[in-house]
Each structure stands twice: as structure tokens, then as C-alpha cells.
Protein chains: 2
Amino acid sequence: MTPPETARADTAAATAATASTRDAILDAAERTFASRGFTATTIKHLAAEAGVNTALLYYYFADKETLYREMLRRLVTRFAAQLSQQMQGAASPEEALRRFSAMQAEVLIDVPHLPTLLVRELVDFHAEHAEEQIAHIAATAFKTLCGVIERGQREGRFRTDLDARFAAISVVSQVAYMGIARPAVGILLGGGLGSVTPEMMRDFARHAADFTLAALAAPKPAPRKASRKGRK
Amino acid sequence: MTPPETARADTAAATAATASTRDAILDAAERTFASRGFTATTIKHLAAEAGVNTALLYYYFADKETLYREMLRRLVTRFAAQLSQQMQGAASPEEALRRFSAMQAEVLIDVPHLPTLLVRELVDFHAEHAEEQIAHIAATAFKTLCGVIERGQREGRFRTDLDARFAAISVVSQVAYMGIARPAVGILLGGGLGSVTPEMMRDFARHAADFTLAALAAPKPAPRKASRKGRK
DNA sequence: GTCTATAGGTGGATAGAC
DNA sequence: GTCTATCCACCTATAGAC
């Protein structure tokens with residue numbers, strides 16, 4: 001018999017005052033759905049991880065899927081907020097892009113289950129549960145990112161023969177891919193499954209920024225010799 | 001008891017016509033595991049999709065996980081073979097990289113469940129079931145890709161201040177991310193969940209090649225004094 | 001090789017005591 | 001608000017007929 005041990009709520013991240021049972025359940029759900037996936041996660045797993053009784057989950061949430069949705073909604077909302085703010089204070093488009101990649105890496109390190117949950121939502125539900133929040137991100141952070149690139153293009157610092165929105169996806173993709181395919185990348189780099197350290201994530205994020213800025217940099221005026229590739 | 005176990009009979013002949021029952025089951029497993037995931041896929045789903053009886057699966061495979069592993073093994077082996085060959089005939093490093101991105105897109109279009117299965121393996125099993133095959137890809141296709149970049153660097157066509165292996169990951173990541181995050185990218189680009197068409201995938205792959213080549217291109221010699229552009 | 005039937009186990013969800 | 005006890009559907013895997 002397991003003794004009461006009321007809501008010990010030793011949530012790993014104990015963000016703030018996650019005193020409430022409801023939050024403890026959502027925190028547990030984040031970790032458990034991330035590591036096991038929606039179907040493989042049972043109500044009993046969630047209850048055990050949250051330190052509460054299984055029946056209690058049904059007091060706070062209608063059913064398993066509702067609980068999942070609320071967890072995801074909370075997560076993506078938090079993420080979107082964090083994304084938007086960081087690019088603001090940058091002096092130049094270059095600086096803004098560097099900040100963006102660096103921040104991507106920090107988020108991946110701080111909330112390692114974030115990419116897992118988002119990827120699971122993509123494959124399990126085709127992002128249907130997150131459509132609204134992704135649309136919000138598109139309207140804020142992604143739009144800002146595109147704006148940064150377009151500004152660089154208008155100011156003559158970035159080349160104009162790349163589509164700004166596709167370029168923005170190229171920017172996002174690099175560190176995001178590293179976060180998703182981390183075990184595979186570890187093998188590709190010769191270190192094995194678990195070899196990608198946080199420090200390596202940061203290194204790669206710096207590389208990604210270098211790569212991006214090299215790609216976007218306006219070609220030197222070039223001494224009129226003309227380039228064979230059609231420009232402009 | 002363990003049946004025949006003629007595991008290698010399908011290497012070359014798995015093209016189209018599902019000759020044997022065993023192959024039909026593996027084909028069904030590819031589709032079903034991709035769309036539902038490992039846990040949510042039941043033996044009955046697999047049997048129904050393959051058009052056979054549930055008990056028959058246990059005649060050909062020891063259990064559900066063995067079936068899954070064999071399906072994944074077959075898939076990744078096929079994929080690795082396809083990857084390796086395509087870069088060979090390229091005249092220049094630039095051409096090789098263009099071919100690589102284009103081929104990534106074609107694979108994603110031809111085998112749409114491939115990224116899904118690989119991503120599921122990543123999140124569900126941390127790529128443990130695919131370690132061997134990924135190591136093989138690392139030793140062949142990825143090594144070739146790195147070699148192409150290094151060759152361009154040695155020949156003075158590519159800049160040398162980018163790490164070749166990180167650059168190779170930047171190359172891979174762009175189209176791969178598009179394949180994984182397809183619904184989300186659709187939303188980001190303003191079209192909605194299902195808006196990314198095969199044609200758009202090809203467009204993006206061309207963009208990714210442009211982006212990559214712009215990033216890698218050696219900066220113009222520049223009148224020696226050069227601007228030591230401010231890098232923190 | 002392929003099927004029917006079923007054993008044995010687990011999961012989501014509810015009723016109701018406290 | 002939190003727990004005990006439980007129902008029923010469904011799932012994996014096996015036994016054994018044909």
C-alpha cells in the first residue's frame with residue numbers, strides 16, 4: 001500500500017509556485033508524454049509521475065486527450081512568448097539572426113522535452129492540436145524573423161536573390177533539426193547515440209548563425225567582371 | 001516456434017509486387033507504424049492492412065517489436081543505398097550538393113512515410129533500433145557529403161572558416177526539417193496545415209541548395225586588407 | 001501456411017466512500 | 001479534493017484445427 005504522501009510535487013523544474021495539483025499533473029504530463037508518447041503513456045504513469053491517484057486525473061480533466069491538449073497548449077504558449085521577445089533589442093539584422101540561433105539552442109537545452117513533444121504532435125496528430133498556437137507563432141516570431149531578413153535585404157546587407165520566407169525556414173531548420181535528430185547527429189559526428197552535449201548544441205548554434213550569415217551576405221560588388229549566374 | 005526466418009530474401013526484389021506474404025506484412029507495417037506509431041498500432045491493424053490473419057504475423061515474426069525492427073531495418077537499408085549512389089557522378093562540389101538536396105526532396109515525395117518512421121524511431125527509441133544503419137549512413141553517404149565539402153574547400157571554391165561536418169549537417173537539416181515539420185511549415189508560410197505540396201517541396205529543395213552554396217562560396221579574394229568583420 | 005478460438009493481461013474510465 | 005475498488009473493452013500472444 002502506498003502511503004498518502006500528498007502531492008510531493010517534486011517537479012524537476014518546479015518553475016514557480018506549482019503548488020496546485022492541477023499544475024503538478026500538467027508538469028508530469030509534459031515529461032511523461034514527451035518520453036513515452038501519447039498512446040504509450042497510461043493514466044497510471046501520469047498519476048504515478050505526478051504523485052497522485054489515477055482517479056484524480058478525471059477530477060481535473062475530462063479524459064486523457066483533454067489533459068494532453070491542455071499540456072500542449074500551455075507548453076507552446078510559453079514557448080511562443082519566449083521566442084518573440086528575444087530578437088527585439090538587436091542592433092542589426094546580423095545580430096538578430098545570431099541571437100535567434102543562440103536562443104533556439106538555449107531553449108533546447110533548458111526544455112529538452114520541448115522538441116520531442118512538438119515532433120510527437122507533428123507525427124501523431126499532424127499538428128492539429130497546435131494549429132492555433134503555431135499560427136500565433138507564425139504571426140509573431142516567424143514574421144519577425146522574416147522581417148529581419150527583409151530589412152537586411154532592403155538595406156543592401158543581404159543578398160536579394162533568396163526568398164525571405166524560405167530563408168527564414170533555412171534559419172529555423174538547422175538548430176531545430178539538431179534538437180530533433182540529436183541521437184542520429186551524434187552518430188553522424190562519430191560520437192555515438194548520446195554524444196551530443198549541451199556545449200556541442202551551442203557550438204552548432206554558433207555554426208548555424210555563421211552559415212546563415214554567410215548565405216545571406218550580399219555578394220561583394222565585384223569588379224564588374226560579371227557573374228555567370230544570373231542575378232537580380 | 002521459430003519459422004523459416006529467411007530474412008534476406010527480399011533485399012533486391014522488394015520493389016513493387018509484394019510477392020511473399022512476409023513482404024506484404026512488412027509493407028503494411030511500414031504504412032501502419034508510420035501513421036499510428038508503434039504503440040497505437042495493433043496486431044489487428046497490421047493484419048487487416050496486409051490482408052492476412054492476425055495469428056499469421058506470429059508465424060513470420062517472433063513478436064510485434066521484432067516485426068517493427070525488421071521493417072525499420074529494411075527501410076533504412078533501402079534509404080541508405082539510395083542516398084549513397086546519387087552524389088557520385090557530379091562534376092563539381094556545387095553540383096553534388098544540388099543533387100543531394102534535390103534527391104532528399106524526391107525521397108520525401110516518393111516515400112512520404114520515411115521521415116515519419118525515422119522521427120518516430122528517434123523519439124520512441126532514441127534511434128536505438130537504427131543505430132547500426134545510421135552508423136552505416138555516417139560511414140557512406142554522410143562521409144561522401146563531408147568529402148564533397150572538404151574537396152570544395154581544398155580547391156578554393158568553398159570558404160574554409162566553416163567546419164565541414166557541421167556544414168554537412170546544415171545541408172541535411174534544411175530539407176529534412178521540411179519533411180518532418182511539413183504541417184507546421186505550411187502554417188508558417190500562411191497556407192495552413194496541409195498546404196505544402198510536392199512542388200513546394202521541390203522549390204524549397206532548390207532554395208536550400210542556393211542557400212547552402214551561397215553560404216559555402218569562398219568570399220571574393222578582396223583587396224587583401226579585407227574587413228575583419230566584427231565577430232564577437 | 002493459414003485460420004479459429006481463446007487465454008491472460010492491461011488500459012481508460014466511473015461509482016462512491018471519506 | 002482525494003482515494004479504493006472495479007467494470008468492460010481491447011490487446012498481445014498462444015494452442016491447435018485444417
Side-chain angles (χ1 to χ4, degrees), chain A residues 1-11 17-72 120 124-125 129, chain B residues 1-10 13 17-29 31-33 35-72 120 124-125 129:
Chain A
M1 289 304 180
T2 34
E5 195 68 26
T6 43
R8 261 267 296 170
D10 44 357
T11 66
T18 32
S20 93
T21 302
R22 190 190 153 89
D23 283 332
I25 294 171
L26 286 173
D27 289 343
E30 246 176 57
R31 296 189 295 275
T32 312
F33 280 128
S35 65
R36 294 178 183 268
F38 180 79
T39 313
T41 294
T42 71
I43 297 294
K44 286 171 191 175
H45 287 143
L46 293 171
E49 178 74 17
V52 299
N53 190 277
T54 57
L56 198 55
L57 301 200
Y58 291 93
Y59 175 77
Y60 288 103
F61 304 94
D63 56 18
K64 188 181 164 186
E65 187 168 343
T66 303
L67 166 51
Y68 170 80
R69 283 183 192 247
E70 297 227 19
M71 175 279 295
L72 191 70
R120 284 194 189 281
D124 286 343
F125 306 106
H129 297 353
Chain B
M1 289 312 174
T2 30
E5 286 292 344
T6 51
R8 58 211 318 238
D10 49 67
T18 50
S20 74
T21 302
R22 188 190 155 89
D23 282 331
I25 293 171
L26 286 174
D27 289 343
R31 296 188 295 272
T32 312
F33 280 127
S35 64
R36 293 178 182 268
F38 180 79
T39 314
T41 295
T42 72
I43 298 295
K44 286 174 189 175
H45 288 143
L46 293 171
E49 178 74 19
V52 299
N53 190 277
T54 57
L56 199 55
L57 302 200
Y58 291 94
Y59 175 78
Y60 286 103
F61 304 94
D63 56 19
K64 187 181 164 186
E65 186 168 343
T66 303
L67 166 51
Y68 170 81
R69 282 184 191 248
E70 297 228 20
M71 174 279 294
L72 191 70
R120 284 193 189 281
D124 285 345
F125 305 105
H129 297 352

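Here the structure is a predicted model, which means the values were calculated and not measured. Naming convention: chains lettered A, B, ... in sequence-line order (proteins, then strands); numbering from 1 in each chain.
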To the nearest angstrom, how far is [X] atom [atom1] from [N] atom [atom2]?
| X | N | atom1 | atom2 | result |
| --- | --- | --- | --- | --- |
| A/Tyr60 | C/dT14 | OH | C1' | 18 Å |
| B/Ile43 | C/dT4 | CD1 | P | 17 Å |
| B/Phe61 | D/dT12 | CZ | P | 15 Å |
| B/Tyr58 | D/dA15 | OH | C1' | 14 Å |
| B/Asp63 | C/dG8 | CG | P | 20 Å |
| B/Lys44 | D/dT12 | NZ | C1' | 9 Å |
| B/Arg36 | D/dC11 | CZ | C1' | 13 Å |
| B/Tyr68 | D/dT12 | OH | P | 15 Å |

Kindly say if A/Thr21 contacts the phosphate of D/dT2, meaning a side-chain N or O under 4.0 Å from OP1 or OP2. yes

To the side chain of B/Lys64, which of D/dT12, C/dG12, D/dC3 is closest? D/dT12

Against the side chain of A/Tyr59, the closest entry in C/dT4, D/dT2, C/dG11 is D/dT2

Under 4.0 Å, counting only non-hydrogen atoms across every strand here, what does A/Thr39 touch: a base, just sugar-phosphate, or nothing? nothing

What is the nucleic acid contact for B/Leu56, judged by heavy atoms within less than 4.0 Å: base, sugar-phosphate only, or nothing? base

Rounding to 0.5 Å, atoms CZ (A/Arg31) and CE (A/Met71) come to a distance of 11.5 Å

Give a yes or no on whether a salt bridge exists between A/Glu70 and A/Arg22, defined as a side-chain N under 4.0 angstrom from a carboxylate O. yes

If you define the side chain from C-beta out and look only at heavy atoms, does anything of B/Val52 sit under 4.5 Å from B/Leu57? yes

Does the plane of the ring in B/Phe125 sit parallel, tilted or perpendicular to the ring in B/Tyr68? Use 30° and 60° as the thresholds. tilted

